[in-house]
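What follows is a set of notes on a single structure, which appears directly below.
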Number of protein chains: 2
Amino acid sequence: MPATVSERQVDILAALQSEMENLSRSEVRIAELLFADTEFAVNSSIIELAARAEVSPPTVTRFCRRLGCASYSEFKVKLAQTTYVGSRYLQPDSRDMGTAEIAENIVNRAQTALYQMHQALDLAALDKVADRLSQADMIYAFGSGGNSSMIADEIQNRLFRLGLRVTTSADHEMQLMMAASAKSPDVIIASSISGRNMPLVKALEAASDYKVFSVALTRTGSPLSQAASITLPIDLPEGVNIYKPTAARFAYLALIDIVATMVALRLKDSATETLRRIKHQMVTHRDEDDKDALGD
Amino acid sequence: MPATVSERQVDILAALQSEMENLSRSEVRIAELLFADTEFAVNSSIIELAARAEVSPPTVTRFCRRLGCASYSEFKVKLAQTTYVGSRYLQPDSRDMGTAEIAENIVNRAQTALYQMHQALDLAALDKVADRLSQADMIYAFGSGGNSSMIADEIQNRLFRLGLRVTTSADHEMQLMMAASAKSPDVIIASSISGRNMPLVKALEAASDYKVFSVALTRTGSPLSQAASITLPIDLPEGVNIYKPTAARFAYLALIDIVATMVALRLKDSATETLRRIKHQMVTHRDEDDKDALGD
DNA sequence: ATGGAAACGAAAATAATTTACATTTCGGAG
DNA sequence: CTCCGAAATGTAAATTATTTTCGTTTCCAT
């Protein structure tokens, strides 16, 4: 059973994203309308939708079929289930409208990044990484430059709670020295959005000299990826707008969550105990109940 | 027009719960079926649903009307919207989950968090915060404990690129001292998922004594929210599974992106120059082209 | 019991969706 | 350049779903 995509596919709009290139002209018009105003589509009949997209109703039906839905209503239900934020149609640019568009845009990009990361996941590689991490004596999380160093910090933040020994550094010199001092059951996790952070590549090469297992969170085929023992790939086109922050961070963060959860399950008992201890400390230093997320 | 329920009511099942006592016999049968097998209802025609509830189609239509929906299809859409979010929170524990399910679960939660944050956005508050930030002499980003300190770092990371002066601290003592030393066009941004980080609340209170504008990224109505000049609310139910990291981080991060983008647009010219400079430095120290996201 | 209101379903009317088929478009072979 | 065939799209008919209308039943209060 391959059961690739469709099996549990709910996020229709994301599925649509990846089908985009195979669509015909009319279908593209429908797709654009959907992305622009999801709300409208969800609350319209096939006739209204067809009219607004300037196509005929049968074209809409065929469009739904192509996306794996048996009927227009099935499509509409899936669309309703999709927690995707459509962007509104262009409106007179009042100030508020500008704000709303910015918000929609950013949320959209984040959701798309998450979706694409999920699509491209290599489960076997994930398992292997989780295995190594759960057996590591020491874990080094490396990344530099704002985004990647945040990712490295986050790796530490998630893993130390499970009772693992983790350190992180954004400093190239330190990274190289740490890599050189690592020994076999240790693991190095290196993150770089571009994959072309050369000092980091050198650190991984040093680790490899000493047979230390290294994981790269980066772009497929990049120098960093090539230097690592294994890569958890994140391949996202970066936007051109320099004001706009990179949406890739969301994908990295989710990937870390996934890895950390898998490691937690492998360590079950000892991780629970560590978490219990952390929680105990947190609770006794907080004024109230213990329902809070660990560590705020 | 009373418009009690219908206005923006999305959680149909909740609406149904509260209407339960006013329902007739047949309507109760429909309601029971809905609670027992929501999936079925979402994917059925009115005829199938009526047949399974052993009532006539018109009764189903009347039932939908009573719940504030104009038609059966509107009802179905709302049902689809509620069940989806609902089922995500009722996911079984990750204990017996495979790798694929873990991944799906985490991506789902992240997307839901983004979606809900977007739904609840207060555009006017956002505008005000962006105004203040873009005019601030100095910006202090506070947060402690792994998650919130990451958020604070991220605020710094996004804003310094725009040419703003930003500092961050996770240390309660420092936060208090910094708050006390701030002067009016300065802005303090404090983040706390629980909203009950009391030392942070004290820091905001100190800031308020000196008429310094403060922004809270936190839960509505929490102590931190009350102590701040303005709140950008993030209200998400936190999962109970202690292995699972909080999905709220995604919402916070996106919110920061939105604010930062808005500030960037307000500062357009000077921000562009700052970004250009940063990029110049990055490029001259990298081996290759300039297409990379700023700062990796 | 019995009048009357509410609940309900049958059937007709309407509306939405899909199917079947005709027309158009477009790329490529001759 | 034109003609063929495949793909895309639309029109109209057929089907199916939904709602409305109206008559029957139920059940409560008198």
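Each chain gets a letter, A, B and so on, in the order its sequence line appears, and its residues count up from 1.
Residue A:S71 has no polar side-chain atom (N or O) positioned under 4.0 Å from OP1 or OP2 of C:dT17. Note on B:T61: a side-chain N or O is less than 4.0 Å away from OP1 or OP2 of D:dT19. Between A:S24 and D:dA7, a side-chain N or O to OP1/OP2 separation shorter than 4.0 Å is absent. The phosphate of D:dT20 has OP1 or OP2 within less than 4.0 Å of a side-chain N or O from B:R65.
Here the options are A:N147, A:L217, A:N197, the test is side chain to side chain contact (heavy atoms under 4.5 Å, CB included), and the partner is A:S192; only A:N197 passes.
The side chain of B:S45 approaches D:dT18 more closely than any other nucleotide in the set C:dT17, C:dC8, D:dT18. Comparing atom distances between the B:I47 side chain and each of C:dT18, D:dA17, D:dT9 picks out D:dA17 as nearest. Of the candidate nucleotides D:dT9, D:dA8, C:dT18, D:dT9 has the atom nearest to the side chain of A:S26. Comparing D:dA8, D:dT9, C:dT17 by their closest approach to the side chain of A:Y72 singles out C:dT17.
In this entry the distance linking CG of A:N43 with P of C:dA16 reads 14 Å, nearest Å. The CZ atom of B:R62 sits 8 Å away from the P atom of C:dG9 (whole-angstrom rounding). Rounded to a whole Å, the CD1 atom of B:I46 is 13 Å from the C1' atom of C:dA16. The CG atom of B:N22 sits 14 Å away from the P atom of C:dA6 (whole-angstrom rounding). If you measure from atom CD of B:E27 to atom C1' of C:dA6, you get 11 Å, rounded to the nearest angstrom. Straight-line distance from the CZ atom of B:R66 to the P atom of C:dA6: 11 Å, rounded to whole Å. Going from atom NZ of A:K76 over to atom C1' of D:dA17 covers 12 Å, rounded to whole Å. Between B:F63 atom CZ and C:dA6 atom P the separation is 20 Å, expressed in whole Å.
Here A:S56 lies in heavy-atom contact (under 4.0 Å) with a base. Using a 4.0 Å heavy-atom cutoff across all strands shown, A:S73 reaches no nucleic acid atom at all. Contacts of B:R29 with the nucleic acid, taken as non-hydrogen atoms under 4.0 Å apart, are absent. Backbone-only engagement by B:V55 is indicated by non-hydrogen atom pairs under 4.0 Å involving sugar-phosphate atoms exclusively.
Side chains of B:F63 and B:L67 form a contact here, defined as non-hydrogen atoms less than 4.5 Å apart. Contact of the B:R266 side chain with the B:D127 side chain is registered, since non-hydrogen atoms from C-beta on lie closer than 4.5 Å.
Taking the nucleotide of DNA chain D with the nearest heavy atom to each of B:R25 and B:P58, the more 5' of the two is matched to B:P58.
Side chain of B:E48 to main chain of B:S44: no donor-acceptor pair is present (N/O by atom type, distance under 3.5 Å, no hydrogens or angles). Listed for the B:T112 side chain is a donor-acceptor partner under 3.5 Å among the backbone atoms of B:N108. A distance-only check finds a donor-acceptor pair linking the side chain of A:R29 to the backbone of A:A53 [under 3.5 Å].
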